[in-house]
There are 2 protein chains.
Amino acid sequence: MSEPLRVAIAGLGTVGAGVIRLLESNGPLITRRAGRPIEVVAVSARDRAKDRGIDISGFDWVDDPVELAQHPRADVVLELVGGSDGPALALARAALEAGKGFVTANKAMIAHHGLELARQAEAQHAAMKFEAAVAGGVPVIKGLREGAAANEIARVYGILNGTCNYILSKMESEGSDFDAVLAEAQALGYAEADPGFDIDGVDAAHKLSILASLAFGTRPSFDDVAIGGVRHVIAADIAEAAALGYRIRLVGIAEADESGLFQRVHPYLVPMRHPLAHVQDSLNAVVAEGNYVGRLFFQGAGAGDGPTASAVVADLIDIARGEFGPPYAMPAESLADQRRADSGERTGRAYVRLNVVDKVGVLAEIAAAMRDAGVSIESLIQRGAAVDGSVMVVIVTHNGPERCVAQALKTLSGSSSLIGDAMWMHILGE
Amino acid sequence: MSEPLRVAIAGLGTVGAGVIRLLESNGPLITRRAGRPIEVVAVSARDRAKDRGIDISGFDWVDDPVELAQHPRADVVLELVGGSDGPALALARAALEAGKGFVTANKAMIAHHGLELARQAEAQHAAMKFEAAVAGGVPVIKGLREGAAANEIARVYGILNGTCNYILSKMESEGSDFDAVLAEAQALGYAEADPGFDIDGVDAAHKLSILASLAFGTRPSFDDVAIGGVRHVIAADIAEAAALGYRIRLVGIAEADESGLFQRVHPYLVPMRHPLAHVQDSLNAVVAEGNYVGRLFFQGAGAGDGPTASAVVADLIDIARGEFGPPYAMPAESLADQRRADSGERTGRAYVRLNVVDKVGVLAEIAAAMRDAGVSIESLIQRGAAVDGSVMVVIVTHNGPERCVAQALKTLSGSSSLIGDAMWMHILGE
């Protein structure tokens with residue numbers, strides 16, 4: 001039997017406890033697959049005495065996570081502390097500095113500091129892996145980094161936040177409004193008490209920037225992601241979309257072409273024939289479109305202690321096998337610095353919902369604004385007035401530049417006919 | 001720049017030509033991802049002069065594939081000759097004997113001789129990879145071997161034959177009968193002139209036996225796959241299934257439990273909520289259910305020169321990176337010899353379609369046969385008589401042992417009330 005791979009774990013929340021449980025219950029199988037045992041030697045967390053449902057008495061306890069990162073017996077340090085900076089980052093740097101392998105599930109940290117850490121890992125010839133940072137248990141990083149490695153990727157996109165997908169699925173199946181479903185999700189523990197990170201699209205944007213870098217061989221550039229969330233989707237949007245043959249999903253999408261790198265997280269209308277339309281509840285899914293392989297689709301649980309532990313331990317098994325290379329598939333130095341593509345130059349079809357005053361001439365005003373901006377209307381639906389006297393108008397445009405739609409909405413935003421802001425969603429191309 | 005990985009290719013059909021085209025067009029990208037160039041040095045095929053749309057003048061031409069396998073400059077031999085034995089197998093053995101890496105897309109050969117070849121590769125510390133053998137461009141072997149490696153897998157199953165899925169999808173969308181769609185598929189080149197291998201389930205069974213070995217750590221055992229095809233599915237089955245909320249798919253399924261290893265390829269009724277129900281046209285898809293990750297779903301193109309070349313070159317990139325281990329994830333010697341589980345002991349729900357004579361007492365006879373065999377009927381649908389006077393009866397059973405359904409059908413098979421054979425399909429559990 002070969003030497004075990006020895007692991008130090010920082011952070012014993014549900015995922016950390018899940019990893020320890022997994023390594024115990026599937027231990028013999030993992031040893032067969034990895035070629036040697038994977039053994040936890042040391043742990044660190046905030047509260048040593050907390051009951052986690054696991055026995056940690058056999059591991060060295062280290063109070064300071066940075067000290068844990070240098071644990072003399074550890075080959076690999078597993079970071080499950082969370083947060084883009086602070087202790088997580090200090091511990092990552094210390095582990096790589098000490099020449100240890102490094103595994104993390106921390107999307108925020110990888111989105112912001114992944115490049116720096118990859119450089120450090122490469123300089124040390126150390127492993128650095130972060131499969132669990134995107135789409136939880138679904139091996140999408142491996143899928144892009146290795147499975148699709150022979151392809152030029154034109155577009156990578158997917159459903160990257162389970163909380164948003166849960167909310168949108170529930171709104172759809174129950175016809176409820178956003179706030180009601182969010183409250184329900186919070187009560188069930190599917191959404192955080194402070195849900196902004198999820199529902200405003202930041203979490204999905206972290207993951208998207210990681211996928212984009214792997215897909216296109218570009219430097220991760222989280223700051224270049226245009227971010228929108230699901231707060232302003234209403235039950236009527238979902239009903240109108242359904243009537244038109246679409247489901248609404250929060251989609252993170254990245255495209256690379258001669259105009260640069262385009263990255264956006266936003267609610268999209270997804271055609272029913274597209275596999276993303278069938279991703280329900282809190283599942284995650286990623287699509288990669290390669291020039292030889294065509295469309296690859298990966299789906300599974302995007303969060304939770306079991307799936308996340310599965311991805312983390314898959315990384316450990318790769319390291320135990322000696323099967324790892326540069327974290328971003330190619331040396332960090334060789335990642336291209338791609339400029340941000342302007343969304344105004346993108347073309348596509350749009351869904352626009354306006355709440356307007358019920359008076360003569362409003363439709364003419366909307367139609368004129370669209371015409372003047374060069375927006376070609378495919379369909380316009382006006383439903384009867386609501387109890388408050390407002391009228392909902394839904395417009396679906398033909399394919400055209402996004403800047404035209406933006407211009408039309410800018411014109412209308414000054415109008416006294418409009419109640420509140422327009423809701424603009426993109427329609428995902430098949 | 002590191003030394004290139006040098007490849008000898010045996011077989012220059014559409015896939016071989018696709019691999020050469022891919023390596024040319026995506027060459028610089030592949031070099032960045034692989035860490036070094038991948039270079040074709042020698043080729044072998046039946047007809048040197050044939051126009052393949054690619055320039056092979058820069059490669060050594062070797063008439064004899066076995067001689068090619070020992071080409072002094074080749075690091076890796078790529079087998080695209082096809083066939084479970086004969087030249088393909090001779091060449092595989094020769095390549096491994098010579099200590100070369102070995103890559104193939106040949107499911108038949110891997111299903112029948114994969115274990116022997118893996119032993120040989122391991123003895124030589126040589127790479128052996130066959131991602132393209134299952135689900136074409138979809139990285140499912142990598143997904144099981146590495147992505148889901150931390151999990152005990154309870155069940156692996158999927159749509160493994162694109163021709164059958166194309167036919168079933170078309171029957172569904174057009175309401176046509178099997179023979180008409182098969183003829184159309186043959187005219188379009190989606191089905192072979194001799195389609196038996198595909199439509200009778202043999203091709204899917206080859207792939208299933210490979211997946212099962214990877215998922216469960218068992219020896220590949222193609223002979224233990226119970227095989228059925230799609231020849232006997234009629235338009236009315238698809239319509240009845242749709243009315244009940246199902247789509248019919250040819251599913252290869254493998255389960256491992258205390259009763260042994262169960263492997264079957266057969267038409268299944270797939271619930272509309274299940275992702276396999278949405279796999280259309282010639283796509284392939286695989287589901288793996290792990291004890292930590294839950295349900296993973298992979299989908300993409302299962303055949304064609306581009307997708308197959310993508311998978312083959314992904315294997316070459318792994319080898320160029322030095323990222324390969326035992327072909328079946330664990331040493332071939334350690335793969336368990338699992339006994340075949342008896343289908344009669346499986347439980348599930350069943351769809352049974354009978355064509356019967358339109359006369360008094362037939363329904364009573366059917367119901368009695370079911371009752372006597374212990375089959376509990378969930379629903380029974382009898383449509384009005386057809387022009388030939390026959391009546392179609394469709395029965396959906398409650399969950400129960402398959403042997404009871406088999407017993408009931410055995411009883412009925414002797415009856416003069418029955419016209420032709422009963423059609424029995426399984427209902428895929430959610």
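To find a chain, count down the sequence lines: A is the first, B the second, and so on, and within it residues start at 1.
- In terms of heavy-atom proximity, B:Gly147 sits nearest to A:Ala314 at O-CB, 3.6 Å.
- Note that CZ of B:Arg33 and CD of A:Glu146 are 11.5 Å apart. Values are rounded to the nearest 0.5 Å.
- For A:Ala277, no part lies under 4.5 angstrom from a heavy atom of chain B.
- Within the 4.5 angstrom heavy-atom criterion, atoms from both the backbone and the side chain of A:Leu296 approach chain B.
- Rounded to the nearest 0.5 Å, atoms CE (A:Met330) and CZ (B:Arg321) are 8.5 Å apart.
- Ranked by heavy-atom pairs shorter than 4.5 Å toward chain B, the options A:Leu29, A:Leu22, A:Ile317, A:Val279 are led by A:Leu22.
- Most heavy-atom pairs under 4.5 Å with chain A, from the set B:Asn291, B:Asp318, B:Leu283: that is B:Asn291.
- By the 30° and 60° cut-offs, the orientation of the rings of B:Phe298 relative to A:Phe298 is perpendicular.
- Screening residues 292-306 of chain A for salt bridge (charged side-chain N to carboxylate O under 4.0 Å, His left out), with sequence neighbours left out, gives A:Arg21-A:Asp305, A:Glu289-A:Arg295.
- In terms of modelled atom types and a separation under 3.5 Å, the side chain of B:Glu323 and the main chain of A:Gly325 share a donor-acceptor contact.
- When all heavy atoms of B:Ser334 and A:Arg32 are compared, the pair lying nearest together is O-NH2, 2.7 Å.
- Not counting sequence neighbours, the partners of A:Ser25 by the side-chain hydrogen bond (donor to acceptor under 3.5 Å, both in side chains) test are B:Tyr292.
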Please list every donor-acceptor pair under 3.5 Å in which a side-chain atom of residues 306-313 of chain A meets a protein atom from a residue at least two apart or in another chain.
from, atom 1, to, atom 2, distance (Å)
A:Thr308, OG1, A:Gly304, O, 2.7
A:Ser310, OG, B:Asn151, ND2, 2.8

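- The interface of residues 131-142 of chain B with chain A, defined by heavy-atom distances below 4.5 Å, comprises B:Gly137, B:Val138, B:Pro139, B:Lys142.
- Between chain A and the options B:Ala149, B:Gly322, B:Pro326, the largest number of non-hydrogen pairs under 4.5 Å is found for B:Ala149.
- Residue B:Leu144: no heavy atom, backbone or side chain, is found under 4.5 Å from chain A.
- Side-chain contact between A:Arg273 and B:His278 is absent, with no heavy-atom pair separated by less than 4.5 Å.
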